[in-house]
Amino acid sequence: MKKILILIVILLSLGATGIWLLEDDDFTASTPFNTHEAENELAVPTLIDSREFDHDIELTIQNAEHEFYDGISSETMGFSQSYLGPTIKLYDNENTRIRFTNEIGEETTIHGHGLHVPGNLDGGPQNSIGDGETWDVTLPIQQQASTNWYHPHLHGNTAAQVHAGLAGMYIIEDENSLSLPLPKSYGVDDIPLIIQDRNFTDGVMEKYSVDEDEMMDGKREDTLVINGTIDPYIEVPQGWIRLRLLNGSNARFYDFHLADNEPFYKIATEGGFLEEPVEITSMLMVPGERNEVMIDLSDGNTRELLAELLPVDDDRFGSNKKHIEQVLEIRVDQSIQGEGELPEQLNTIIPWDEDDAVVIREFELEMEEMEESMSHGDMMDMHSMFSINGKAMDMSRIDEEVNLGDIEIWRITRDEMDHPFHMHGVSFLILSENGRPPAPEDQGWKDTVLVGYGWTELIMKFEHEATEEYPYMYHCHILEHEDGGMMGQFTVQ
Ligand code: C2O
Ligand code: CU
Ligand code: CU
């Protein structure tokens with residue numbers, strides 16, 4: 001009898017856990033992670049290798065229906081597919097033409113996040129593609145191997161279009177990446193993971209909408225969707241695998257780790273490889289960030305890649321409440337041996353010299369409470385709520401003018417909550433966080449960075465041109481904040 005009672009108590013608490021998983025606030029450190037079965041094979045976006053397509057690619061930006069759950073379709077958008085877009089492989093020193101045809105029934109733009117291309121090819125808010133129009137862009141790739149992405153950037157409407165499914169990966173290869181003995185077999189041992197969160201009602205993805213709280217905190221939803229797959233698993237060869245993670249969520253911050261805090265290796269940040277692999281046990285990623293990691297599966301055992309969904313909370317590091325979800329179950333097919341290895345040396349990073357910086361620009365990311373903006377008598381004017389240095393985004397105003405070829409230091413602070421700060425057209429190095437150098441795993445080229453308490457100093461060299469007609473953007477990558485005006489424009493010439 002006692003045994004049965006204990007069993008019932010265990011079952012009840014497991015059941016209760018399942019319900020608690022929906023509420024951030026009800027988590028305690030002892031709550032086990034979400035034990036949804038990994039029952040769906042991970043979708044891997046189609047690979048379009050520019051070399052195999054004569055450097056000429058066509059994509060249709062389309063309305064679609066996608067089955068996140070078997071037999072239940074949701075209204076989505078995608079690039080020539082039902083949700084997300086193909087992974088496009090580009091090469092250093094090669095030009096690739098891409099024709100994006102817009103068939104979604106409304107205006108959009110397609111930005112190459114992480115690409116070092118001039119402003120007129122960057123796909124920012126000025127590169128509008130009207131309904132029925134084609135944007136014909138030839139991307140002159142001049143940058144090191146890295147994992148980047150493309151997504152809409154129409155001012156005021158980015159969040160909704162990305163949310164509907166408009167996002168895809170650009171992978172850049174160069175001589176170095178091709179010569180390293182890393183796993184390189186796309187979808188087999190070199191696996192893209194686009195991590196998003198969505199809400200579902202009876203299996204149907206909820207359409208994008210935001211209330212005032214969601215504007216402030218950013219839209220955060222309950223179900224993880226990986227490459228458009230819910231509760232995914234993948235079967236991989238025995239040996240080393242390489243994961244390319246992209247936080248493609250509107251607003252969620254994730255801390256990734258393996259079950260039992262098993263170590264793994266970070267090999268690349270947004271703009272390229274680290275100098276050498278860095279052993280880590282967890283990896284924080286804010287929206288817009290990409291990182292590449294390697295996991296050793298030579299023992300043939302299944303691994304669980306997990307993510308802690310971080311709360312909107314200033315002192316989240318002091319909090320003992322955790323909300324952990326499984327991202328991907330990684331199963332090993334022991335009949336296939338992987339070919340990749342973890343190299344000792346990956347890259348050479350020659351940092352810009354602080355003394356060569358011609359200017360230190362300061363940026364404060366600011367939010368205004370709803371009450372304050374209501375007292376201004378215009379509560380619906382979201383533009384008054386989000387700003388940088390006191391100014392909300394204005395497409396007709398250039399905020400900063402940079403001289404082509406200059407090295408600069410940008411010092412970013414924030415007033416209320418943490419924000420992911422992103423710059424177009426350039427990769428930077430983190431110079432310091434509150435006067436301290438970044439952790440070894442963050443000492444790589446980046447274009448998106450968490451700005452927390454205190455200040456974050458970035459150093460970069462501007463090597464590509466952006467005119468007043470087609471300026472570059474800098475902004476918060478919480479898409480609600482970006483749409484709300486936490487964005488500015490700069491020229492480089
Ligand atoms: Cu990923 Cu300006 O954007
Ligand atoms: Cu960008
Ligand atoms: Cu923000």
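Counting starts at 1 for both ligands and their atoms, following the listed order. In this text the structure is predicted, and so the values were computed from the model without any measurement.
Residue His153 forms a ring-ring contact (aromatic ring centres under 6.0 Å, His included) with just one option from His113, His422, His477, His475, and that option is His475.
Using a 4.0 Å cut-off between a side-chain N of Lys or Arg and a carboxylate O of Asp or Glu, Glu94 and Arg51 qualify as a salt bridge. The pair Asp197-Lys219 fails the salt-bridge criterion, with no side-chain N (NZ, NE, NH1 or NH2) lying under 4.0 Å from an Asp/Glu carboxylate O. For Glu441 and Lys266, the salt-bridge test fails: no basic side-chain N is under 4.0 Å from an acidic carboxylate O. Looking at Asp447 and Arg290, a side-chain N of the basic residue comes within less than 4.0 Å of a carboxylate O on the acidic one, giving a salt bridge. Using a cut-off of 4.0 Å between Lys/Arg side-chain N and Asp/Glu carboxylate O, Asp190 and Lys184 are scored as not salt-bridged.
Within the 2.8 Å limit, His422 places at least one N, O or S atom next to the Cu ion (ligand 2). For the Cu ion (ligand 2), the set of nearby N, O or S atoms under 2.8 Å includes none belonging to His153. Atom 1 (Cu) of ligand 1 lies at 2.8 Å or more from every N, O or S atom belonging to His111. Within the 2.8 Å limit, His153 places no N, O or S atom next to atom 1 (Cu) of ligand 1.
Take the N/O/S atoms of His111: the one nearest the Cu ion (ligand 2) is NE2. Among heteroatoms of the N, O or S kind in His419, ND1 lies nearest the Cu ion (ligand 3). His113 contributes atom ND1 as its closest N/O/S atom to atom 1 (Cu) of ligand 1. As for His481, its N/O/S atom nearest the Cu ion (ligand 3) is the one called ND1.
Angle NE2(His151) to atom 1 (Cu) of ligand 1 to NE2(His477), rounded to 10°: 110°.
Cation-pi geometry between Arg414 and Phe363 is not met: the NZ or CZ atom fails to fall both under 6.0 Å from the ring centre and inside 45° of the normal.
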